[in-house]
Amino acid sequence: MQVTWKPTIVAFCCNWCSYAGADLSGTNRLQYPANVKIIRIPCSCRLNPMFILRAFQKGADGVILCGCHPGDCHYTTGNYYARRRMTLLFSMLDFLGIEKGRTRVEWVSAAEGAKFAATMNEFVKTITELGENRRLEDLRCKE
Amino acid sequence: MQGVKEKALELLASGKAQRVLGWKTGEFFYDLTPGVFESAEEVEREFEYGVFAGANLSKYCIAESKKDGVTAVFLKPCDAYSFVQLLKEYKVKREKFYIVGVQCDGMCDMEKIRAAGISGATAVSEDGDTLKISTIYGEETMKKSDALLLKCKTCKSKKLVIFDELLGEQGEDCPESHRFDEVERLERLSPEERFSFWRGELSRCIRCNACRNVCPACTCETCVFDNHNLGTDNKAAASDFEENFFHIIRAFHVTSRCTDCGECSRVCPQHIPLHLLNRKFIKDTNELYGAYQAGADLESRPPLMDFRKDDCEPSVVYERGGAKG
Amino acid sequence: MKKLALKELESLFAAIAAQQTLYLPQDDAAGQAQFAAWKEGAARSRRLNTARSAKDLFFPQVENLAGFKREGKSIEIFETREDVRPFTVFGVRACDARSFEILDKVFLKAPVDTFYASRREMGTVITLACTKPDETCFCRSFGIDPANPAGDVSCWMDEETLYWQANTAKGETLTSELPMLEDGGEEAVKAQQEKLHVILEKLPLAQLDLSKVGAGETEALFNRPEWKSLSESCLGCGTCTFVCPTCQCYDVQEFNTGKTVRRFRCWDSCMYSDFTKMSAGQPRPTQLERFRQRFMHKLVYFPDNNDGQFGCVGCGRCLQKCPIHMNIVKVIKTMGGGDDAK
Amino acid sequence: MEQNMMDTIARISGVNLRRCMRCGKCTASCPAFDEMEYHPHQFVSMVENGRIDELLASQGIYTCLSCFACVERCPRNVEPAKLIEAVRLAVIRKQGENHLHAEQIPAMLDDELPQQAIVSAFRKYKR
Amino acid sequence: MQKIGVFVCHCGTNIAATVDVETVAKTLGKEPGVVFTTDYPYMCSQTGQQMIQDKIQELGLTGVVICSCSPRMHEQTFRKACHKAGLNDYMVEIANIREQCSWIHKDKQEATEKAVILGRAAIAKVQLNAPLTAGTSPVTKRALVIGGGIAGIQTALDIAEAGFEVDIVEKQPTIGGKMTQIDKTFPTLDCAACILTPKMVDCAQNEKIHIYAYSEVEQVGGFVGNFHVKIRRKARFVNEDVCTGCGACTEKCPQKKVPNAFNLGLDTRRAIYIPFAQAVPKVATIDPDYCNMLKNGKCGVCAKVCTAGAIDYKQKDTTIEREYGAIVAATGFNPIDLSQFDEFAYSKSPDVVSSLEFERLMNAAGPTGGTLLRPSDGTHPKTIVFVQCVGSRCEDAQKGKSYCSKICCMYTAKHAMLCREKYPDTDVYVFYIDVRTPGKNFDEFYRRAVEEYGVHYIKGMVGKVVPENGKLKVQASDLLDNRQLHIDADMVVLAAAIEPDKSARSVATMLTASMDTNDFFTEAHPKLRPVESPTAGVFLSGTCQGPKDIPETVAQASAAAAKVIGLLCKDSLTCNPCVAEPNELMCNGCSNCEKVCPYGAITYIDKEFRGPNRTTLIRRVAQVNPAVCQGCGACTVACMSGAMDLKGFSNKQIMAEVDAICR
């Protein structure tokens, strides 16, 4: 592995809590690595497992979903569904031998700017240690 | 099983059903094809039931449900679960079917017989638990248990969950099926071992879509993998797409809807144990959200369309014991 | 004719593999035979035939055609063709050997498919005569003699010896590079052929009545009501197509890697609901039309355009692999005059 | 040691001490109140607070009739009687001898009587 | 292909200091579809907005990407600006390069690269954007209040005050609810009837309010702004419009042995009755279970004495249908059934009463005319024991409820205080687990009971109550004193837990409003939207949402009314255009989306489609009501085939963003 390699990380953030939490960490100038790119979705339950696999296929090294804390969902129940879906998906990825920790779910409220930054720092560290995503990539995208 | 053909004739004669969905005799003793019979004559000529009637007829009920009149259908226990699941998702109409439940002792797989080195088979007879197979090269024998379809070896239930009439005895769930043993064995491996196992298996995939098309839970009008407008289509068996995307999503999409009928593995021309992916989801669902059997009833909420406020967090996957690494 | 003691077979393979890639049937993890590159110590499969046909080596499931790269507002097209190096396939059965004849008629006719052509040019086919055909074999019905397979080199094998007969210049060249081959073996081969012909008599499907199908039968067959009941059980999967040694339809698709776009072709199946889908919709809207297309193509349209040659070689793969056991034999028998099946 | 004992008692009894909300209904229901130096609710809090030795030394544990009134009445399903029985068992385990002799259990067992009451009674009168 | 303009904002130096905005603009200019890029110090300024508008018109831009601060900040600003220039609001995408880029990174090169990628993702998304128009749906300017207790009454009065028509549906013959049965109210001790009955009369006299008493909601259809409701009016056998409420019939009816439900069965009434003197509507009702005329056709006394001719033995239930813009659930509560609590001898002794029964025994209009007498022998009780938390905070689901019923501490203090005040010679004991008195003047009230009135508050519980020789032997614990108490009481009063009315569940089902495990209605947000149900247009008032005392109930009732008024003030509702939309051709009718929709926005219909070969076929397909859908997207993932998609956040758009980021 090259020393200069930096992982590509996709963070899906729900519009109401986590995206606002990410904004707050910006407002507070809390640093986290630039490899994290955020995609705004209305609710964590909008995250289709296909989006995660698509990200890995196209070369992402880690995918994280952030949503409102359970019980605080703007749509009352969205994150509960997301939680089940992600649990099962992650378990399947684990079953297929994908490294533990490439995927993650974290509940971040709009007030938790610090938690957002800390989570991202930690996640980037984990993924950097895991190295490049080789098990879920599409070889065609490695040019 | 005695009486299946007679029942078909009787139902047509009595007018209880306008047609019968069953199995048609083939060129050999093992190549039964699901088929629709509209007259007694056809039944007399072509209807056949036996240990090679492994095909699950419930998916054909979707098409039959659109026809006028009543279709009589023969359902084995695992097929009946699929039927109820289809009913639950409004894919079939109950009043369109006269369901004859057929008890089943396990169905045989010609591929297993071939794998045992038996070729040129022309006839078979059952002698207790031994299969006597006549071939053009002479007589061969094989234990029936060795010739069973993969799904029948770990039969989950002999209970017919839906029927209008029963041929044979009502059966029970088989709690000792050990159907999760293989999943557990894989779970105990290291991620590297699991990865190489699945790479080995899934890389054989030729994307013929038989697993998807045979699946009674795959009832989409257009599959996401055929949907060009969505941008998720992919026809090719190319560059890890099957390993990294197709089979994961295929299994995910039937999660909490899959009745574990085992058709996916039965039809795979490359003998990939696809049912293990479905079973992994079933096992996880049972363990994390309480026991659930798709197709067991019409009322219960599928676990993926349900939640509890105190459900485990996704990180449980990484914290659970058992698996190394 | 040449021969070689079977215990020397390994050295023969090694000699071929020293110069080019050698593919031969080997058992995969599920116990099925597949063509795979030979490596030292690799065991030859004992199965009658491979699960996937030898077609795959000449017409792979996926093949890159071209690439596109966009830079600002301009687009560059670049070559993605891989170099085809000489290779040899050992253990091709008579049925698969015939399939090349059929594929050649499609791909080598002008405009020539240069991807296929280069593989045909670089590939040497070593066939192997059958000794123990399966009940699903019906190559005989198409005039194929499994005891006398075509190919650049034909081989026979008994318990102790491999017999080798070069048929083409390519085969002769290869033979000349293999000094371990000795002369002789004609009689043993003849005996084996006779033995096989006796077995062939016993095969249930060896003598299919093809009189009702073939060139010129379109009108007679196209509107037959039996298509409905035959196609009713078809799942619309592509298993038969993908294991078939003669199916040659493909789709051209593009894949956006993010940096470039790859144009590739991949096998397609006329059984699929989106086969040849056009802006106006699906020309064969139900499975009946799609099912009919596959068999009419093999049994009528192809003979129509190719001097009566059928598009089927009777390898029996579809008989073994179809999830619901619907197959070309059942179609032929149904169309060939009703109830003689049983 | 203390912690160990607490855990043992909690485990034997199967009682979740934290459920107790100190309502005292167990003690209010107790027919043996006057005979006991520690009362059911105190058992719960003493075990929880680790005052095991005092309990083990107490005669009160044998005064409990195992009538299960406290178990029946407890609104939080804490089941003090089971806890008391666990304390008794702990005493026995500590002494390293079991006062029960199987052959002494006569045939006069009554179906209505809780099993635990019989067993504890024998243990008590054997002393 | 869209014609996209990219506008990169410096935000003074907020962005420009760490992101090389010129490079970003230049690099993004190479993206497909981008026809114009620029950067500017303050995009959100008047000049900046003007520039965007000019470019839209000058170049005919079909999409705009603004690389600036968070969309939470200025998305609306830019949408409005583009709107003015004729571009659809939803053809604007924001790349957040301030909060999520320049502010969190120090390395200029890294930050610039990231800004380019974020911009690229926004461009990829806008490529697939389609103009969206917010739909509108009309609002029926009429509200329905289900339940005519103090919550329903207050809500109805407030809504009517704002000038909207309100209907109250009450299943009892009169409105008023539980509060009519209460004697005095804490902590002020004013008479419940004195403050409630004027409100009931206001309701009756308010021409905007229509009371459907003795009626039940039978069916609810429609959605926010447009509910269709069927109301069943049960037969009273008395013509409501004719009856004057004179009460002659209730005096002459020969059937005298009917348990009086209003007094909780502590006395009897006639088969034809008016629940209480101030009932609204004040009309008689015949109880068909007891009326001889209705049961066996013999009697007819009431019809004879009724000078108005209001009696109609042949009356049948009728159903009326009404349209509403909003619905308020105010279904209230009931004390739990105490028959499970044998230890307190509730079913054995008439002198063991529930607190609500005690209210009736203290009430001047009650069975004893306001003198506290023992139900068994009519003597004055000298020793009274109050037991708190009977069935509250109880883990045993068979017997009680795991929650705190909230009101018992205060009303028990009130009862104890009133006893001591009226009858200073009585001994009053209150057994408590905890005394919970949060509320204005609440703790002071409780302390007054102890300090001024000498009520004995004992920390502990009653273990058992045994009726013996006309006394009630109470055995209880005093935990602070470590004593067991044995009290010979004359009366025992049980503070029963309260539970939602049994009818609430069927109402919730009809309204597609969700409930918790205790059958209390769930609020849309536990903190921020406490009076709304997650179902749009359905509001919650009073104890149907959770245990509450009267002041809290009234406060919530007014809050619910305010929400209703806010809704009914609108002529039409603007829908969120980013809602789910099914592709009917792909929908397979499985109902999985319906199952996960928290708003009940998805329904299924059988629809005719063109099949292959000129056939038609009927397929079951999903329909989304855009007025109800809130756009969470839960359904889009439950939908296997991808037939259900979310406008503005479509599968394709999100995947395009993913692709753009990962490339």
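Below, each value reflects all heavy atoms present in this structure, side chains not excepted, and no hydrogens, waters or symmetry copies. Given the structure is predicted, the values throughout are model-derived calculations rather than measurements. Proteins get letters first, then strands, A, B, ... in listed order; numbering begins at 1 in each.
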Trainee: Is there side-chain contact between S29(D) and K464(E), with at least one heavy-atom pair below 4.5 Å?
Mentor: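 Side-chain contact under 4.5 Å: no.
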
Trainee: Between SG of C389(E) and NZ of K25(D), what distance do you get to the nearest 0.5 Å?
Mentor: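 Rounded to the nearest 0.5 Å, the SG-NZ separation comes to 10.0 Å.
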
Trainee: Does a sphere of radius 6.0 Å around CD in E72(D) hold more than 12 heavy atoms from other residues, nucleotides or ligands, not counting ones at 6.0 Å or beyond?
Mentor: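 No, CD of E72(D) has 12 or fewer neighbouring heavy atoms, counting only those of other groups under 6.0 Å.
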
Trainee: NZ of K459(E) to SG of C23(D): how many Å apart, nearest 0.5 Å?
Mentor: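 Spacing of NZ (K459(E)) from SG (C23(D)) equals 7.5 Å.
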
Trainee: Around atom NZ of K548(E), are there more than 12 heavy atoms from other residues, nucleotides or ligands closer than 6.0 Å?
Mentor: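 Yes, enclosed.
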
Trainee: Just by modelled atom types, is the G24(D) backbone N or O under 3.5 Å from a matching donor or acceptor in the S477(E) side chain?
Mentor: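 Yes, the answer is positive, given that a donor and an acceptor are paired below the 3.5 Å cut-off.
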
Trainee: Give the minimum heavy-atom separation between F33(D) and R483(E), together with the two atoms involved.
Mentor: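 Closest approach of F33(D) to R483(E): CZ-C, 3.2 Å.
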
Trainee: Has the side chain of R22(D) got a donor or acceptor atom that lies under 3.5 Å from a matching backbone atom of I433(E)?
Mentor: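 Here the side-chain-to-backbone pair does not exist.
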
Trainee: Flag the one option from D434(E), V462(E), L479(E), V474(E) with the top tally of heavy-atom pairs under 4.5 Å to chain D.
Mentor: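 So the answer, after comparing D434(E), V462(E), L479(E), V474(E), is L479(E).
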
Trainee: Do any N or O atoms from the side chain of E343(E) and from the backbone of R73(D) form a donor-acceptor pair under 3.5 angstrom?
Mentor: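 It does not hold such a pair.
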
Trainee: Just by modelled atom types, is the D34(D) backbone N or O under 3.5 Å from a matching donor or acceptor in the Q484(E) side chain?
Mentor: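 Checking the backbone N and O of D34(D) against the side chain of Q484(E), no donor-acceptor pair under 3.5 Å is found.
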
Trainee: Could you look at C70(D) and say if it's the side chain, the backbone, both or neither that has a heavy atom under 4.5 Å from chain E?
Mentor: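 Neither part.
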
Trainee: Provide the closest heavy-atom pair for R76(D) versus R393(E) in the form atom of the first, atom of the second, distance.
Mentor: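 Closest approach of R76(D) to R393(E), heavy atoms only: NH1-O, 2.9 Å.
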
Trainee: Which atoms of N482(E) come close to chain D, meaning under 4.5 Å heavy atom to heavy atom: side chain ones, backbone ones, both, or neither?
Mentor: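 The answer is both parts of N482(E).
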
Trainee: Keeping the roles fixed (side chain from Q475(E), backbone from A28(D)), state whether a donor-acceptor pair exists under 3.5 Å.
Mentor: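 Pair found, side chain donor or acceptor close to backbone of A28(D).
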
Trainee: Can you confirm whether R18(D) is buried at CZ, in the sense that more than 12 heavy atoms of other residues, nucleotides or ligands lie under 6.0 Å from that atom?
Mentor: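 Result for CZ/R18(D): open.
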
